[in-house]
Amino acid sequence: MTDIGTTVLGYPRIGPDRELKRALERFWAREIDQATLLRTGRDLRERTWRTLAAAGLDSVPSNTFSHYDHVLDTADLFGALPGRFGGLPPLDAYFAAARGGQDAPALELTKWFDTNYHYLVPELGPDTTFTLAGTKPLDEYLEAKALGIETRPVLLGPVTFLLLAKSTAPGFRPLELLDTLLPRYADLLRRLREAGAGWVQLDEPAFAADRTEAELNALIRAYHWLGKETARPKLLVTGSYGHLGRALGVLARAPIEALGVDLVSDESFVDAVAAEPALRDKEVLAGVVDGRNVWRTDPNRALGRAATLLGVAKSVSVATSCSLLHVPYDVEREHGLPPRVRGWLAFARQKVDEVVLLGRALRGEDADLSPARQAVADRAAAGVRERSEAPEETARPPYAERAATQRAVLGLPPLPTTTIGSFPQTTDVRKARAAHKAGKLDDAAYETAMRAEVERVVRLQEDLGLDVLVHGEPERNDMVQYFAERLTGFAATGHGWVQSYGSRCVRPPILFGDVSRPAPMTVRWARYAQSLTAKPVKGMLTGPVTILAWSFVRDDRPLAETARQVALAVRDEVRDLEAAGIRIIQVDEPALRELLPLRRPGHEDYLRWAVSAFRLATSGAAAATQIHTHLCYSEFGEILPAIDALDADVTSLEAARSKMAVLTELAEFGRGIGPGVYDIHSPRVPDAAEIGTLVRTAIGAVPAGRVWVNPDCGLKTRGYREVEAALRNLVAAVREVRAELA
């Protein structure tokens with residue numbers, strides 16, 4: 001294989017029908033054995049390789065499958081799992097690192113750049129010793145080869161791996177381990193070459209973000225080291241998710257054979273790549289097919305960008321802008337979508353065909369682009385309009401004044417206890433929702449089933465002794481999809497599943513038109529829950545930024561405009577919840593940090609409109625109405641001023657896996673704060689002493705009068721047995737700390 005040619009940088013791995021999710025959860029529940037789980041993975045890999053090879057790609061990637069997460073795979077591959085997972089069989093240790101064990105907390109979980117995929121954060125310190133402890137990339141290459149399919153193994157690049165890691169020692173930077181890691185990468189490359197691999201892909205997406213001189217120097221050192229190895233395959237280095245900045249020149253001058261560039265995320269990067277003279281001896285993979293959104297590619301725009309590089313590089317090939325991990329499998333399965341909207345869409349399978357077709361066109365071969373051009377033109381002709389009623393945000397009274405009013409109205413004890421919103425969704429609840437949707441359960445029977453579950457959740461919370469209750473959200477399939485199905489301008493898929501992390505999958509709705517709220521979406525459930533108890537019940541809403549972030553959004557209009565439309569719909573719901581007597585309303589924005597541009601020049605504009613959207617949605621609330629928001633699984637330090645500017649009365653956020661490390665950033669935060677005291681993404685149940693330690697850490701950093709106590713996130717994915725145990729321990733811990741304070 002001389003050139004890579006047309007290719008994709010990765011492919012979905014959960015299975016078209018979430019086969020991996022189901023196998024994982026059955027394995028964890030001990031319903032299937034390890035052999036059955038591994039066989040499911042092999043079947044999914046084979047199906048992917050055969051699909052990609054049959055589609056006509058010039059190069060097929062391998063090692064893009066993972067049983068949980070590719071960053072965790074890399075740590076495991078190089079023997080870098082923390083010692084607390086030692087003594088377990090290899091696969092058990094791997095899943096313990098992902099999910100935790102009773103005596104071994106899981107690795108931290110955070111967002112993968114500006115996407116809704118979550119990765120597990122490696123823990124590295126000065127005593128970390130790398131070994132080539134695994135053979136996964138080699139095994140999967142040989143597995144494909146045995147099927148008669150030549151593949152290109154994909155690895156997370158060494159510098160990005162270290163930059164994504166967390167230090168286990170004060171003052172130590174994981175990047176200091178580069179010189180001990182590179183020989184292990186060289187060993188792996190050598191073994192892949194000996195097995196017959198002609199190319200290996202190394203992903204370095206960390207350089208789509210701002211990087212220091214030391215980090216750029218590490219990139220130089222890494223690829224001069226690896227590039228000068230004699231017994232290695234040819235190297236493709238990719239930099240997805242944005243403009244590579246100075247790293248473009250570094251990689252263009254490195255002794256590698258090919259460079260993959262994202263020409264979708266930042267249009268200005270096209271000119272930067274075209275102006276880089278050091279690319280003249282390299283193949284460039286022009287990432288002109290969007291790997292993160294679902295709209296059909298405009299062939300004129302894509303070919304124009306790719307053609308700009310002709311004559312600049314040794315050769316130019318068409319590729320996706322990033323892995324197709326972020327999009328669903330196949331739009332052909334979506335028979336329930338409006339036909340016109342469906343014609344505008346391309347999921348992973350269609351994007352592969354787009355890459356092949358555009359590759360032919362770029363080479364001057366016969367390629368019929370007229371259907372794509374017609375679809376793009378039809379979508380453009382659909383047009384948009386603004387909501388005619390567009391109120392400006394109205395300033396609420398200052399926080400101190402609101403807090404005094406809310407204390408008087410709510411009468412809550414010190415360190416109020418609550419949950420983030422959802423409670424476990426039982427099999428019966430899921431079956432009732434599915435039967436109602438299929439028309440097999442009438443409205444009255446469905447209402448009765450959901451009311452029974454709401455009452456069960458309310459009574460349980462009263463029994464547990466929580467201070468602020470929730471209705472548990474049994475009627476909701478997903479915190480974004482539920483709202484999208486009740487707003488105009490959105491379409492929901494039937495099979496459009498995308499991996500969020502591990503076995504957790506979501507179906508992002510498709511925002512294709514103008515957004516408005518025809519009718520109240522949550523009021524009857526909140527009103528009913530409040531009628532069952534004298535304790536306050538939170539109304540639960542998803543904020544405008546998160547609805548955008550976790551949907552496939554129009555790419556033909558500014559996000560700020562769309563956010564404003566969504567914010568106005570949420571504002572209507574806040575108003576109606578207040579009118580129904582709900583005095584605490586939580587508007588979740590877990591994706592606030594996620595959409596932050598990777599490079600600093602874009603921060604100010606994004607945060608301005610994101611904060612404005614939240615305030616537009618919530619600022620009409622009365623002073624006596626307590627507005628909560630929730631943030632999770634992101635690094636919050638650089639957006640603290642924006643979090644403060646949201647002007648929420650209480651902000652809850654993930655903190656358990658980091659053992660409250662985030663509180664050092666929040667010490668000066670002037671409003672209520674609810675740092676999570678137990679990790680809901682692990683089946684592990686923390687005892688009261690452990691939770692009490694975290695609560696004491698919290699009130700050591702933030703005045704106790706502003707601290708709330710809650711789990712890290714919603715409880716939807718957990719079981720009632722572990723949830724009840726954990727919440728009882730939470731309440732017991734808080735009572736003990738309250739007694740100490742008294």
Side-chain angles (χ1 to χ4, degrees), residues 1 7-15 19-20 23-24 27 32-53 57 59-81 85 88-98 119-120 122 130-158 161 181 183-203 226 229 231-236 323 325 499 502:
M1 191 192 312
T7 192
V8 297
L9 301 188
Y11 204 69
R13 58 201 184 201
I14 57 172
E19 293 91 336
L20 178 61
L24 284 170
F27 176 72
I32 61 172
D33 60 14
Q34 179 172 310
T36 304
L37 173 66
L38 297 180
R39 186 165 56 249
T40 300
R42 285 196 301 272
D43 291 345
L44 289 172
R45 292 191 295 271
E46 178 176 349
R47 191 186 317 182
T48 293
W49 294 327
R50 290 195 185 281
T51 295
L52 297 182
L57 291 176
S59 174
V60 172
S62 62
N63 197 44
T64 59
F65 174 83
S66 175
H67 278 112
Y68 204 98
D69 165 56
H70 59 282
V71 183
L72 175 62
D73 290 348
T74 307
D76 190 37
L77 175 67
F78 293 113
L81 296 184
F85 305 115
L88 294 171
L91 193 61
D92 291 343
Y94 175 89
F95 285 131
Y119 73 93
L120 286 151
F130 295 114
T131 61
L132 189 53
T135 56
K136 179 179 180 293
L138 179 64
D139 294 343
E140 293 187 14
Y141 171 78
L142 292 172
E143 193 178 307
K145 193 171 186 177
L147 298 170
I149 302 171
E150 181 64 27
T151 64
R152 179 186 78 251
V154 177
L155 308 174
L156 181 61
F161 173 68
L181 178 60
R184 305 291 77 79
Y185 267 85
D187 291 344
L188 178 58
L189 292 174
R190 190 176 306 114
R191 293 190 65 181
L192 287 167
R193 182 73 188 97
E194 290 169 355
W199 283 90
V200 166
Q201 176 180 323
L202 291 150
D203 294 335
L226 296 177
E229 288 288 319
R232 64 166 178 82
K234 294 181 179 180
L235 299 182
L236 160 67
S323 170
L325 170 71
Q499 185 182 29

**OP:** Check each of Thr151, Leu52, Thr48 against Pro61 using the side-chain contact (heavy atoms from CB on, under 4.5 Å) test, and report the only one that passes.
**Re:** Leu52

Original post:
So, for Ser66 and Leu20, which heavy atoms are closest and what is the spacing to 0.1 Å?
Top reply: O-CD2, 3.4 Å

Original post:
Where do Leu235 and Leu189 land on the side chain to side chain contact (heavy atoms under 4.5 Å, CB included) test, with the steps shown first?
Top reply: CA-CA 9 Å; Leu235 299 182; Leu189 292 174; 4.1 Å; yes

Does [Y] offer a backbone N or O that forms a donor-acceptor pair with the side chain of [X] under 3.5 Å?
X	Y	result
Tyr141	Ala197	yes
Arg232	Leu226	yes
Thr7	Ser59	yes
Asp69	Leu120	yes

Would a 4.5 Å heavy-atom cut-off, applied to side chains only, mark [X] and [Y] as touching?
X	Y	result
Phe161	Leu155	no
Asp203	Leu9	no
Thr40	Phe27	no

I need the [X] [atom1] to [Y] [atom2] distance, nearest 0.5 Å.
X	Y	atom1	atom2	answer
Leu72	His67	CG	NE2	12.0 Å
Lys136	Asn63	NZ	CG	4.0 Å
Leu325	Arg13	CG	CZ	5.0 Å

**OP:** Is it possible for you to check whether Arg45 lies under 6.0 Å from the centre of the six-membered ring of Phe65, through NZ or CZ, and within 45° of that ring's axis?
**Re:**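 Yes - Arg45 lies over the ring of Phe65, closer than 6.0 Å to its centre and within 45° of its axis.
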
**OP:** Let me see the working for Gln34 and Leu91 under side chain to side chain contact (heavy atoms under 4.5 Å, CB included), right down to the final yes or no.
**Re:** CA-CA 9 Å; Gln34 179 172 310; Leu91 193 61; 3.7 Å; yes

Original post:
Does a donor on one side chain sit under 3.5 Å from an acceptor on the other, for Asp33 and Thr36?
Top reply: yes

Original post:
Between Glu143 and Arg42, is the closest basic N to carboxylate O distance under 4.0 Å?
Top reply: no

Original post:
With a 4.0 Å cut-off, would you call Glu19 and Arg47 a salt bridge?
Top reply: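 Counted as a salt bridge, because a side-chain N and a carboxylate O are separated by less than 4.0 Å.
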
Original post:
How are the rings of Phe78 and Phe130 set to each other: parallel, tilted or perpendicular (split at 30° and 60°)?
Top reply: perpendicular

**OP:** Applying ring-ring contact (aromatic ring centres under 6.0 Å, His included), run through Tyr68 and His70 and close with a yes or a no.
**Re:** CA-CA 7 Å; Tyr68 204 98; His70 59 282; over 10 Å; no

